[in-house]
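All residue numbers refer to positions in the sequence shown, counting from 1.
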Amino acid sequence: MPETTPTTIPRPTSPCTKVCRIDQDTDRCEGCGRTLDEIARWGSMNAQEREAVWQRLKRATFAAR
């Protein structure tokens, strides 16, 4: 029987979900979870900086469950 491996879903280029509303209590976007600074800087962030944001968003998603 052939070995199966999990399928990796490619990550989008941005966490943006096109639901752009800033929560006044958390100062984070309700759609993607980024701060205004992260949103503004996303285009000029290097791969390491973006990965740090992705990891924080991932942790926040699991913590919310």
For [X] against [Y], the heavy-atom pair lying closest together:
| X | Y | answer |
| --- | --- | --- |
| P15 | R34 | CG-CD, 3.7 Å |
| R28 | T35 | NH1-CG2, 3.0 Å |
| C20 | C29 | CA-SG, 4.0 Å |

- Task: Following the transitive rule for hydrophobic clusters with a side-chain heavy-atom cut-off under 4.5 Å over Ile, Leu, Val, Met, Phe, Trp and Tyr, establish whether L57 and M45 coincide in one cluster.
- Result: yes
- Item | T13: partners by side chain to side chain contact (heavy atoms under 4.5 Å, CB included), with sequence neighbours left out | none
- Message: If the condition is side chain to side chain contact (heavy atoms under 4.5 Å, CB included), which residues does T17 pass it with, not counting sequence neighbours?
- Response: V19
- Please name all residues satisfying salt bridge (charged side-chain N to carboxylate O under 4.0 Å, His left out) with R21, sequence neighbours left out, ordered by chain then number. E30
- When rounded to the nearest 0.5 angstrom, what is the spacing between CG in D27 and CG in L36? 7.0 Å
Side-chain donor-acceptor pairs of residues 47-54 under 3.5 Å, sequence neighbours excluded:
residue, atom, partner, partner atom, Å
E49, OE1, N46, N, 2.8
E49, OE2, R41, NH2, 3.2
R50, NE, W42, O, 3.1
R50, NH2, W42, O, 2.7
E51, OE1, R11, NH1, 2.6
E51, OE2, Q55, NE2, 2.5

